[in-house]
Amino acid sequence: MASSKNLLKDVPKPLFQSFMFGIATCFTSCLLLALFSFIIFLGRNPQSLMLSPRVLTDAAGSPPFIPSNTCENGKNATKDLNSSPTFLPSATSLNTHCTTAPNNHSGVIQDPNLLKNKNWSIGSWVEGGHGDLASCDLFDGRWVADDLSPSYPPATCPFVDNAFDCFGNGRADLNYMKLRWQPKGCRIPRLEGKRMLELLRGKRLVFAGDSLNRNMWESLLCILRNSLRSKQRVFEIAGRTEFRTNNSFAVRFIDYNCSVEFFRSPFLVQPWARVDANGQRRETLRLDLIEESSSKFQNADVIVFNSGHWWTHEKTSRGKNYYEEDGHVYPQLSAAEAYRKAMRTWARWVDTHIDSKQTRVFFRGYSSSHFSGGQWSSGGTCNGETLPIANDKHGAKYPALMQILESVIEEMRTPVLYLNITRMTDYRKDAHPSVYRQPMAQRKTGALQDCSHWCLPGVPDAWNELLYAMLLRGS
Ligand SMILES: *[C@@H]1O[C@H](CO)[C@@H](O)[C@H](O)[C@H]1NC(C)=O
Ligand SMILES: *[C@@H]1O[C@H](CO)[C@@H](O)[C@H](O)[C@H]1NC(C)=O
Ligand SMILES: *[C@@H]1O[C@H](CO)[C@@H](O)[C@H](O)[C@H]1NC(C)=O
Ligand SMILES: *[C@@H]1O[C@H](CO)[C@@H](O)[C@H](O)[C@H]1NC(C)=O
Ligand SMILES: *[C@@H]1O[C@H](CO)[C@@H](O)[C@H](O)[C@H]1NC(C)=O
Ligand SMILES: *[C@@H]1O[C@H](CO)[C@@H](O)[C@H](O)[C@H]1NC(C)=O
């Protein structure tokens, strides 16, 4: 008895401590291992257990823990247990991101304050969000942190233009793709790609407008495509993969016999050229003539129009010898007046050429830009912005162009569903491509930043959720 006591006594203290430490460590690792296996099991069998991330979130008040992934090529994926990678990339997307992005690109919310700030937490709006979808103002709301966003893994969708592929171009902070739009008065249905495709079966959905509508078109293509198992059964009909050069594109979803198309038409009215008295060729804009391409989509089932940013560019805002109407070139016309005339031309065309029993017409409102320290053409920037504007009182003035648009729409016979996204985009100074419109290798110091389009995944995904909600409720 004494000897066994002595035996322990005789063991040198450091050795004893490390022995106990060893046991403790072993115990902890076994526990962790068991926990990991369980969590991985959960991840693999989401249906069988019905333990949705949202339940975990609400219960714990913090984002759910989803196990980190290890890349197949041996590079590290995230190991940070306190942060939450909120999408589980498929094997292929995992590979893409492992090979093209550095370690800290792996879906981590890098600013923990985003989720700590109650104003962005999911819980804070749950009570306010139980109203009736049918009567709710979809555009009065907040951006909230969302563990189910984005709706497609970044840098995996072939329809995302390089210029919008911020993640692929090396943007490391990822908060901007983990926010969902939450109207004050109701919950909007989650855009499930397959359900929307079911809605679109045998139909044509067309976006007509400027590159911000292309931004939205690409977003919708990615959301829909990501819901499908056989992704090769979705393709651009002419096999094109570069979406900046041509004036129209159509992507077909074979299994749903439907197409989702884009027509470039930044003014909706027709750019023109005339020869002046001195024999010089002059560019004008025909305020009295709808853009030529519109006849190609007037019988589509859903059309989403937009026009806005091009009316703020130099030629349009200067308005000198540029606007033409009924054979007359205005020596000087304000952009606002020209916009009113153009939108009236558009409205007349819609009222006479579109059968509102067959075609649902949307107009997407003005999307906010966030250039600071200059304009888009004079070195304005928005890089380094990683959080939305949280101040509820903040708000740029509602653009005069959109007030004009509203007054034109009011006078139309055709019901036009207005996607009033100006305010919701105004909060999102964090979500523009900025310098990530190009990969690092092509970036030149002092190159223009993009603070008007949006990274994808990102803000236009939310516009499509609202589009879907409005299609469902019919108003
Ligand atoms: C993975 O991360 C660990 C530390 O977090 C680091 O020591 C190791 O070198 C990394 N491995 C690779 C392949 O990057
Ligand atoms: C993570 O990204 C930031 C910003 O791009 C960079 O400065 C930092 O070195 C990166 N860290 C690692 C571990 O790659
Ligand atoms: C959150 O919002 C409330 C009301 O809108 C405001 O009073 C408060 O200052 C905000 N908190 C933060 C941290 O922004
Ligand atoms: C596909 O949709 C078109 C209408 O867009 C319809 O005319 C055609 O019959 C449909 N084809 C099939 C195979 O369902
Ligand atoms: C697309 O644009 C390119 C370059 O402008 C042109 O060469 C090509 O013919 C166009 N393709 C189609 C199908 O219109
Ligand atoms: C659109 O939203 C703005 C706020 O940004 C609001 O002033 C305007 O009245 C709204 N328009 C419609 C038609 O609801």
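Counting convention: from 1, in listed order, for ligands and their atoms alike. As a basis for the values below, the full set of heavy atoms in this structure was taken, side chains included, without hydrogen atoms, waters or symmetry mates. This structure is a prediction, so every number in the text was calculated from the model and none was measured.
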Q | Any protein heavy atom < 4.0 Å from atom 14 (O) of ligand 4 | A | yes
Q: Test the R171-Y176 pair against the cation-pi criterion, namely NZ or CZ under 6.0 angstrom from the six-membered ring centroid and within 45° of the ring axis.
A: yes
Q: Tell me which one of Q403, E406, M424 gets a heavy atom nearest to atom 9 (O) of ligand 6.
A: E406
Q. Which atoms of ligand 4 sit under 4.0 Å from any heavy atom of G202?
A. 2 (O), 4 (C), 5 (O)
Which residue supplies the protein heavy atom nearest to [atom], what is that atom called, and how far is it?
atom	value
atom 5 (O) of ligand 6	R423 CB, 3.5 Å
atom 10 (C) of ligand 4	N257 ND2, 2.3 Å
atom 2 (O) of ligand 6	N420 ND2, 2.3 Å

Answer yes if the ring centres of [X] and [Y] are under 6.0 angstrom apart, and no otherwise.
X	Y	value
Y330	Y323	no
Y366	H309	yes
H370	H432	yes

Q: Check whether any heavy atom of Y398 sits under 4.0 Å from an atom of ligand 6.
A: yes
Q) Are side-chain N/O atoms of W311 and S307 paired as donor and acceptor at under 3.5 Å? A) yes
(Q) Is it true that R201 and N257 share a donor-acceptor pair across their side chains at a distance under 3.5 Å? (A) no
Q. Would one find an N or O of T422, backbone or side chain, under 3.5 Å from an N or O of ligand 6?
A. no
